[in-house]
Amino acid sequence: MRVLFAGAGALGSRFGYMLFKNGEDVTFVDSWKEHVENITKNGLKVIIDDKDLGNYYIPTYYPEDVSGKYDVIFIATKSMQLRSMLEKVKHLIHEDTKVICILNGLGHVDTLKDFVEEKNILIGVTVWTSGLGGPGVLKAYGSGKTEIKQVKEDNLDETLKLIERLNQAGLNMNYSDNTYQSIWHKAGLNCVLNTYCTLIDCNINQYGSYEKHLDLTRAILNEVTAVGHAEGIDVKQEIIEKNIENCFDPKTAGLHYPSLYQDMKNGRLTEIDYLNGEISRLGKIHNIPTPVCDVITLMIHSKESVNGNK
Ligand code: NAD
C-alpha cells in the first residue's frame, strides 16, 4: 500500500512516522524547504513524550517532484493550503485512491470534491496532538484517536479494511456516522478558544479564570449552533461548552496556547477563515446574522496584518 502524506508538518509527520515504523510504504511531500532538506539529509528526528526515538529516513520530496500513483493520500496541510496542495498532488491520485482529510475547521469537503470523487473522500476529526521542534524534528506527546466517515458510502468494506490496516500502526481510527457532528463540535471549541486566547493573549486556563468567560463563549457558540443547525448538523451546544470547560484544568490543556495563537506568534497566517470566518460565510447563505464571528474574523485578520504574518 503506497501512502502519501501531502503536508508533513506536525500532524502529518506524526501519522507518517507511525505508518512508516509499522512497515508501510510512506512518502512525504512538503513545500517547506528546510524541512524537506533536513528529513532527506538526517531523517525525521522523532521525539515522543520527551524520548528520542531516533531518526527515520522517510522519502521526502517537493510535491512537483513526485510521480506515480498512491493508494492513500493523507492531507495534512493547514486549511488555507488545502486547495493549492490538492492542485500539486492531483497527478498522484488514481480512480481508487482514498484521500483522508483530518484538518481542523469547516468547509473542506467542498474543496476536496473538486479533485476527488465523493466515494473516495474520507473526512475526519482527530484529537491526536503533535508539534515540531524545528524543521525535520517531530516533537509530540501522548496519544489520541480519530473519527472518520466516507463522504459517499459506496464500497464501504474497502474503507473499513483500510482503517483496520491503519490501526495496526496505532492510528486509533474509528469509522463513525457522528463524524460531521464531531467536526462541528471541535470547530465550535476552536472558534472560541483559538480566537479568544489569541486576542486576549492568554492560555486556556487564564481564559477560563475570567468570571464571565461563559458570556464570551456563548457569544460565539450561539452563532455556531444556529448555523450548524441550518446546515443540518445536530450541533449540541451544551457538549461544546462542557468540552471547553474540560480544557481549563492545568493538568489537561489549561497551560496550552491554542494552535491559532501559536501561528499568530510565529508570524504565520491562521486558520480563522475555516473557523469563525466559515460560520460568517454560511450564516450569510442561511440569512442568519453572525455579528460576533464577523468581528472576530476581522480582528484576527487585522492582527495578522499588523504583525506582517505570511
Ligand atoms: P503544521 O503547521 O505543522 O504543518 C502544516 C504545513 O505547514 C506543513 O506543510 C508544514 O511543513 C508547514 N510548516 C510548518 N511549520 C512551518 C514553518 N515554520 N515554515 C514553513 N512551513 C511550515 O500544521 P499541523 O499542526 O500539522 O496541522 C495540520 C492540520 O491538522 C491543521 O488543520 C490543524 O489545525 C490540524 N490539527 C493539528 C493538530 C496538532 O496537534 N498539530 C491536532 C489536530 C488537528
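Every number for a ligand or one of its atoms is a count from 1 in the order of the listing. For reference, positions follow the sequence shown, starting with 1.
A donor-acceptor contact shorter than 3.5 Å is absent between the side chain of Arg14 and the backbone of Leu138.
Every residue meeting the salt bridge (Lys or Arg N to Asp or Glu O under 4.0 Å) condition with Lys33, not counting sequence neighbours, appears here in chain and number order: Glu37.
Grouping the Ile, Leu, Val, Met, Phe, Trp and Tyr side chains by contacts below 4.5 angstrom, directly or via other members, places Leu298 apart from Ile296.
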Show me the short polar-atom pairs for ligand 1: any N or O of it lying under 3.5 Å from a protein N or O, with distances only.
from     : atom 1 : to     : atom 2 : distance (Å)
ligand 1 : 2 (O)  : Lys78  : NZ     : 3.2
ligand 1 : 2 (O)  : Arg268 : NH1    : 2.8
ligand 1 : 2 (O)  : Arg268 : NH2    : 3.3
ligand 1 : 3 (O)  : Ala10  : N      : 2.9
ligand 1 : 7 (O)  : Arg268 : NH2    : 3.0
ligand 1 : 9 (O)  : Asp30  : OD1    : 3.2
ligand 1 : 9 (O)  : Asp30  : OD2    : 2.8
ligand 1 : 11 (O) : Asp30  : OD1    : 2.8
ligand 1 : 11 (O) : Asp30  : OD2    : 2.8
ligand 1 : 13 (N) : Arg268 : NH2    : 3.3
ligand 1 : 15 (N) : Arg268 : NH1    : 3.4
ligand 1 : 26 (O) : Ala10  : N      : 3.2
ligand 1 : 26 (O) : Leu11  : N      : 2.8
ligand 1 : 32 (O) : Asn104 : N      : 3.1
ligand 1 : 32 (O) : Glu271 : OE2    : 2.7
ligand 1 : 34 (O) : Asn104 : ND2    : 2.9
ligand 1 : 34 (O) : Glu271 : OE1    : 2.7
ligand 1 : 40 (O) : Ser130 : N      : 2.8
ligand 1 : 40 (O) : Ser130 : O      : 3.3
ligand 1 : 41 (N) : Ser130 : O      : 3.1

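Between Trp32 and His35, the ring planes are parallel. Angles under 30° get that label, and only those over 60° would be called perpendicular.
Side-chain contact check for Arg268 versus Asn309: every heavy-atom pair is 4.5 Å or farther apart.
Checked options Thr40, Val36, Leu44, Leu4; the residue passing with Phe28 is Leu44 (criterion: side chain to side chain contact (heavy atoms under 4.5 Å, CB included)).
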